[in-house]
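Numbered from 1 within each chain, the chains take letters A, B, ... in sequence-line order. Bear in mind the structure is a predicted one, so any value in this text is a computation, not a measurement.
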Amino acid sequence: MEKKINLTSKQQEAISEIDHNLQIIACAGSGKTEVITRRIANILHSKQDIKPENIVAFTFTNKAAESLENRIVRALGSELSANIKTMYIGTIHSFCYNLLTKYTKQFDNFKILDSVKSHLFVKRNFKECGMSDLNLEPYSFNINLFLQCIEKMIDDYENSDNWSQEQRDVLNKYTNFLYSNNYIDFSLIIFETVKQIESNPEVGKYLSTLKYLVVDEYQDVNDLQEKLISHIANYGTNICVVGDDDQTIYQFRGSNANNMISFSERYADVHQVHLDKNFRCAKGIVDVANNVIKNNKRLISKKMISTVNESNGNIKAERCFDEIDEFNRIAKKIIKLHNSGIHYKEIAILVRKGKFINSIANILDDANIPYETDSTEHFFSGNYFNRFVITLQILTDIDKAKLYECWKDVAERTNFNIGFKFLRSCARGGNLPLSKIIRDFCDKIAFLDETANDIETRHIDLDGISKILDDYDEIYGDGQLSARINGVLKFLGTDAINEYKYYNFKPKDPNADNVQIMTIHKAKGLEFNTVFIPRLNEREFPTLGFLGKRYYHVLGGVFKKNKTKYQSSLEDERKLFYVAVTRAKQNLYMTYSLASKAISYFLDEASSSAYLDINNNDLTYNPKDVKYDFTKSDGVCCKPNSKNSNLEQGLDKEQLEYKEVVKYAQNQLIDYYNTGAQFYHTTHTMLSDIREWSPEKIMNEASNLELI
DNA sequence: GAAATCTTTATTTTT
DNA sequence: TAAAGATTTC
């Protein structure tokens, strides 16, 4: 957000409040980072005894930390920011890691297991980690499920008296085995830090030097993190929390908006400031967002106000045939916008589910629109991934022709021969790290030849595969080469794709002019001139969610009783929609499909805003040209007699079915199937049969009965 | 035509 | 594990 010269009185109030605990309730686009920045600058300017090292600022991500630090440096000027590095600006996790390594003997040279390495570590030592002691059936090898259980137990440790003895044993087994191998995971970092604060006077001494703590994105803090914050507050530290309970979107990780709501009750002497002016979004966009979020039961009442006066913005919703049609229309619209002078990088496509990113990317490829995404699915289906896999295979099964076949378009024959010779020598003996083998091979075949036209992709792909191989070798590096190759090939074939799903292999280039495709979660805190939100159908957004065996099925007991704690509700999905909408400065384009499920509730709710222009009518199609996939889920329609039916009660079967078929028809193939619905009602022909018919047949049958 | 049974398929992600 | 679609059985 550009720097605002004129501060509102509320912003000024927050910046000046440095003597009491402070809660800033900041709506989207309210310039909260600017306020935090200036407040910290204000502290350093007006309190001579406060040094940067007496201030701590928690951010949600490392990226956010970096940008906050840059802004503080700018705000302070060169003299005051000289020892800015002594101020802690970063995530809660790194803060805790620093404390543990600095103030404890036990953890002073521990390594962190991130989610990928945890996976590999547990896979290798599943018995020692206690995995076989939990009943994960029928998924006894679902490591993610096991790790989920561990994480929830750590979060809930306070109540461990209410767990079964077996569960306490499993957690002990897991932590002890990690610690005996000099590893710690992310949940344990905070857990152990809290323990240290409670017991280690050295840590207490350090905390008492902290005079100011600022917590950004406070609405997404979980209970363990909140405990840490309250411990710090006990040392007399001034606490300032900033957040918006309407933007809590990480409840599945334990984000607890109640922390936000009850802050002023739990902390002494709290001053509250509401920043309700949105400097980002045009009036219409704010109106749409307000009209949707008002359907949540909100405990902190507020109403966001747009201060953008130049235009009301363009807010459109469009009905499309299906998913692919939606993405094609988006591509067309992007070309139009770009021709009218909007940069690609000012355009974002925000999706509820990561799985759409790939097919959107393919369509943008076809339309020659440059884009950027950090979905790694793209990496695993990319040009070079499979070649690396084959190259690794060659190490256990020498096949020169096969190898040449896959590299011949990028390698000269002579270079290739040198590379092959090298691979053969690796296969014979030695124990080089796998990433070194691949890198050296690529070196020898001159893979990173600077004249290659896709040189950037080659660099990214080689870095990506190296990272995966290094992660693998960190856990399995002591094995025989052939065992490691077989293991890593298995990992690459199945688990790696899931484990690296949201990992950014590719550093973002801020100067590149690319359309941004990402999940809404990733768009938190960002803004774009134009935002597209596709797939606004029921059970897509809001998503159906909570399927599959979950941690509370495994753990049962108190975990089952409190399962809603991490479950996302309709209200949580609405918050996510709210976040997506408020990323847009000027243009907001939403699409939904006719040929799948019913229209999203949220689009319905948004339509109570006069600014939303819903285009339901321009859908012209020739039934002969359009192939509908009736084998897909039919959304609102399900068999009333089904055991699992979730249809509302209180209607008789016929009413119920008629209601459902009309709803189905309205949402799907309006004209033809509306007729189809009447036909159903009159003749009692099975709905499933009608859905097999062509539109022509329906029209024909219906006219025989004079239904049209 | 209804009921029972079988089959398929299941979010979001930071550190 | 559980929802919902598909298929079979009665």
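Nucleotide B/dT12 holds its P atom 11 Å from the CD atom of A/Glu540, rounded to whole Å. With rounding to whole Å, A/Tyr551 atom OH is found 15 Å from B/dT12 atom C1'. Atoms CG (A/Leu526) and C1' (B/dT14) sit 14 Å apart, rounded to a whole Å. Distance A/Tyr250 OH to B/dT11 C1': 12 Å, rounded to the nearest Å. Between the P atom of B/dT13 and the OH atom of A/Tyr500 lies a distance of 17 Å, rounded to the nearest Å. A/Lys355 has its NZ atom 14 Å from the P atom of B/dT13, to the nearest Å. Atoms NE2 (A/His93) and P (B/dT15) sit 9 Å apart, rounded to a whole Å. Distance A/Lys522 NZ to B/dT14 C1': 10 Å, rounded to the nearest Å.
Judged by distance alone, the side chains of A/Glu326 and A/Thr591 do bring a donor and an acceptor atom under 3.5 Å apart.
Between B/dT11 and C/dG5, the distance separating the two P atoms is 16 Å to the nearest Å.
Taking the six-membered ring wherever Trp is involved, the centroid distance between the rings of A/His521 and A/Phe252 falls below 6.0 Å. Aromatic pair A/Tyr551/A/Tyr566: ring centres closer than 6.0 Å.
Remark: A/Arg253 is positioned above the aromatic ring of A/Tyr250, its terminal NZ or CZ atom under 6.0 angstrom from the ring centre and at most 45 degrees off the axis.
Of the nucleotides present, C/dA6 is the one that pairs with B/dT5 by Watson-Crick or G-U wobble criteria, both distances under 3.5 Å.
A donor N or O paired with an acceptor N or O is not found under 3.5 Å between the base of B/dT13 and the side-chain atoms of A/Arg253. With hydrogens and angles ignored, no donor-acceptor pair closer than 3.5 Å exists between the side chain of A/Arg550 and the base of C/dT1.
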